[in-house]
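What you are looking at is a predicted structure, and each value in this text was computed from that prediction instead of being measured. Each chain gets a letter, A, B and so on, in the order the sequences are listed, and its residues count up from 1.
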Protein chains: 2
Amino acid sequence: MANIYDVARRAKVSVATVSAVINDSAYVSPLLRARVTKAVAELVYKPNLLARSLATQQSRTLGMIVPDISNPFWPAVVRGAEDRAHAAGYTLLISNSDDNPCKQELYLNLFLAKRVDGILLAKAPGPLTGDAGQQIASGKTCVVQMLRVDAKWKGDAVLLDDEDAAYEAVAHLLRLGYRRIGILSGPPNVQTAARRLAGYRRALRDSGVKPERALQYEGDFRLRSGTEGGLVLLKKKPEAVFVANYLMAVGFMMAVRQYRLRCPQDVALVTCDDHPWLDAFTPRLTTVNFPKYELGAEAARVLLARLGSRDRPPERVELRSALCVRESCGALLQEPVR
Amino acid sequence: MANIYDVARRAKVSVATVSAVINDSAYVSPLLRARVTKAVAELVYKPNLLARSLATQQSRTLGMIVPDISNPFWPAVVRGAEDRAHAAGYTLLISNSDDNPCKQELYLNLFLAKRVDGILLAKAPGPLTGDAGQQIASGKTCVVQMLRVDAKWKGDAVLLDDEDAAYEAVAHLLRLGYRRIGILSGPPNVQTAARRLAGYRRALRDSGVKPERALQYEGDFRLRSGTEGGLVLLKKKPEAVFVANYLMAVGFMMAVRQYRLRCPQDVALVTCDDHPWLDAFTPRLTTVNFPKYELGAEAARVLLARLGSRDRPPERVELRSALCVRESCGALLQEPVR
DNA sequence: TTCCGATGGCAAACATCTACGACGTGGCAC
DNA sequence: GTGCCACGTCGTAGATGTTTGCCATCGGAA
């Protein structure tokens, strides 16, 4: 592949002139400009962005770490981040951590070694460790934490209103008259899970209902644990259940089916994460809809802004969710009790 | 950030020695090796992979272009590709083409400029154009086409058995006794869509049923067109419908609901793409399950093999789908007619 | 003493950007 | 009319951080 010297030779100018034309970084006379443009076209010259990155000390590449792209929560987030990044001329490097701190550190180091300009991070549980953790904590590499955030993280972050979302979901169930309300929560060391559990508890207490340990099951955000949790919880005859993510809700519905119960008649359900396909099935799930695309887009926006000026104050954005009432909560079936 | 000269200086050796230690590419005496290792640790030295890529002429980065990561078909494919790539020490650069040839060319050029070692491509409709198209056709850049393939593409490809899959799906409906079978197909310029339509036609003809134009609706693989197509098709009173992808099936079910029809009693349904959550809802959809994860993993495997030896014969892999019978086809309801 | 093998260092190459210097020309002033 | 200065252009060279071929050196063995 042709390099800048080939172009310079063919156009009979210096490489600096070629560079100036390509980057429009200095005045070049129309005559030379034309010669350069012609040579570029003839040689099908494409600047080597690796070399450019080396010289300019910026790669125009962003790293993004998500727990698992095949979990239906994440694709929209990635898409949002990517649209923003591409619009600003950045490319996205993507990795799946499986919420495994070791993998996460591995990929973080890889990103650092590849000299990404910044990182979008949906952190695995636990603090950031190792050299990469140091590097990030020191602020030398820009990072925006998404969704989950270190307790002592002072940098940029884009969050969801997990606690309020759970509160609203459970408050909705309470308004419909349910009292024995269970929860299928996520792993307690994952912050979103902890916050949703807190929201559930607060909602119950605000209505004078004492949260029962027996109605709380700790899942791991995966489908199978939804079924397992469902099988356990349903034995306790809850009137309604709040499930802390979509995949577990699906698992939960399989447990409901297994017990030959009807939803919402026998047990009502509210869950998290809305999806385009939820309108199509029976029963249609009532969910709190998190703005997934916006989450990714916002995170990218904040990171790009940070790259633009390192000394601006840290930004902490909290995106608002919205309750999306459908059938599984029973609202369309029965009248509110009070 | 420390560079290799800093390490060499601190260890009192030459950069070549440091490089030899880091890459284990030449014999270095234990004494010097120890000095180098110590210096690397003290300086928290991480080789600059941009510079390394420039020197070695390989970036250990793969580009991947998919139509849209937020379409539930693709995340599993991406995950499969990524797992393979990472296992071999490669990183993945990802872009969404929205099946738009312009965007695709843009990203292709970007990847080429970033000197990716190879590209995983789920091609947008139409031939590969522009400089990038040239470069790829000339074989100078390794590409594996996934799912869809240029008519005159001579290189590696990993495909699905679309036609057979559709054939099996429709044959299953025919075995159940349905005769008026409609199809909600994808855009005809997308190859998977064309092949699925062909499979549908062949299955009908093999059973002596004449395909009716009126029972064929051309969608665009998106949810909305599923509903629109459903509203049109259902007026024609088909006994069963084959829907060519998952998102349109969801849309179709919304049309069914709108007409207050029951599935499968009033209209049976078989569709494509299985998902973990399909077991949870009513009616459970009968699908042909495409091995999405394997598609990505295979494509990455083939690409990596190609990078290993450029002169091996082109590989063309066809992955097999499997019919997954559930409720929406009516098999669990009624007895076969014949 | 000489030769060979084992080590290690120098410098070029990878492809770019850019600071700085040089050259030429035009205008103005003496 | 001539000389000088300034500005507009362009090119040289060094910097970015690696890898690696080739050469030099040192020590030991024959």
Exercise. Got a donor-acceptor contact below 3.5 angstrom from the Asp117(B) side chain to the Gln58(B) backbone?
Worked result: no

For this session: By nearest nucleotide on DNA chain C, pick out whichever of Lys12(B) and Met1(A) is the more 5' one.
Result: Lys12(B)

Exercise. Quick one: do the Asn96(B) and Tyr107(B) side chains pair a donor with an acceptor below 3.5 Å?
Worked result: no

Exercise. Is the backbone of Ala85(B) close enough, under 3.5 Å, to the side chain of Arg301(B) for a donor and an acceptor to pair up by distance?
Worked result: no

For this session: Give me the first and last nucleotide of DNA chain D, going 5' to 3', that has any atom under 4.0 Å from a heavy atom of chain A.
Result: dT9(D) to dG17(D)

For this session: State which residues pass side chain to side chain donor-acceptor pair (under 3.5 Å) with Asp98(B); sequence neighbours excluded, sorted by chain then number.
Result: Arg79(A), Lys103(B)

Problem set entry | Ion pair Lys152(B)/Asp150(B), N-O distance below 4.0 Å | no

Exercise. What bend angle does the helix from dT1(C)-dA30(D) to dC30(C)-dG1(D) show across its length, from five-pair end axes and to the nearest 10 degrees?
Worked result: 70°

Exercise. Checking Glu318(A) side chain against Leu159(A) main chain: does a donor-acceptor pair fall under 3.5 Å?
Worked result: no

Please list each protein N or O that sits under 3.5 Å from an N or O in nucleotides 17-21 of chain C, with the distance.
{"residue": "dC17(C)", "atom": "OP1", "partner": "Asn23(A)", "partner atom": "OD1", "Å": "3.4"}
{"residue": "dC17(C)", "atom": "OP1", "partner": "Asn23(A)", "partner atom": "ND2", "Å": "3.0"}
{"residue": "dC17(C)", "atom": "OP1", "partner": "Arg52(A)", "partner atom": "NE", "Å": "2.8"}
{"residue": "dC17(C)", "atom": "OP1", "partner": "Arg52(A)", "partner atom": "NH2", "Å": "3.1"}
{"residue": "dC17(C)", "atom": "OP2", "partner": "Ser19(A)", "partner atom": "OG", "Å": "3.0"}

For this session: Would you tell me if any nitrogen or oxygen in the side chain of Asn48(A) comes within less than 4.0 Å of OP1 or OP2 on dA15(C)?
Result: no

Problem set entry | Partner of Leu120(B) by side chain to side chain contact (heavy atoms under 4.5 Å, CB included), out of Val158(B), Val144(B), Val302(B) | Val144(B)

For this session: Ignoring hydrogens and angles, state whether a donor on the side chain of Thr61(A) or Lys114(A) is under 3.5 Å from an acceptor on the partner side chain.
Result: no

For this session: Using a strict cut-off of less than 4.0 Å between a Lys/Arg side-chain nitrogen and an Asp/Glu carboxylate oxygen, indicate whether Arg33(A) and Asp24(A) qualify as a salt bridge.
Result: yes

Problem set entry | side-chain N/O Gln57(B) vs dA15(C) OP1/OP2, d < 4.0 Å | yes

Problem set entry | Check: Lys46(A) side chain, Ala132(B) main-chain N or O, donor-acceptor pair, under 3.5 Å | no

Seminar exercise, completed: Residues in residues 26-43 of chain A with a heavy atom under 4.0 Å of DNA chain C, by number, are none

Exercise. Taking 4.0 angstrom as the limit, do Asp99(A) and Arg148(A) come out as a salt bridge?
Worked result: yes

For this session: For Arg316(A) and Gly155(A), indicate whether the former's side chain and the latter's backbone hold a donor-acceptor pair under 3.5 Å.
Result: yes

Under 3.5 Å, side-chain donor or acceptor atoms of residues 38-45 of chain B against the rest of the protein: list the pairs with distances, not counting sequence neighbours.
{"residue": "Lys38(B)", "atom": "NZ", "partner": "Glu42(B)", "partner atom": "OE2", "Å": "3.2"}
{"residue": "Glu42(B)", "atom": "OE1", "partner": "Arg10(B)", "partner atom": "NH1", "Å": "2.4"}

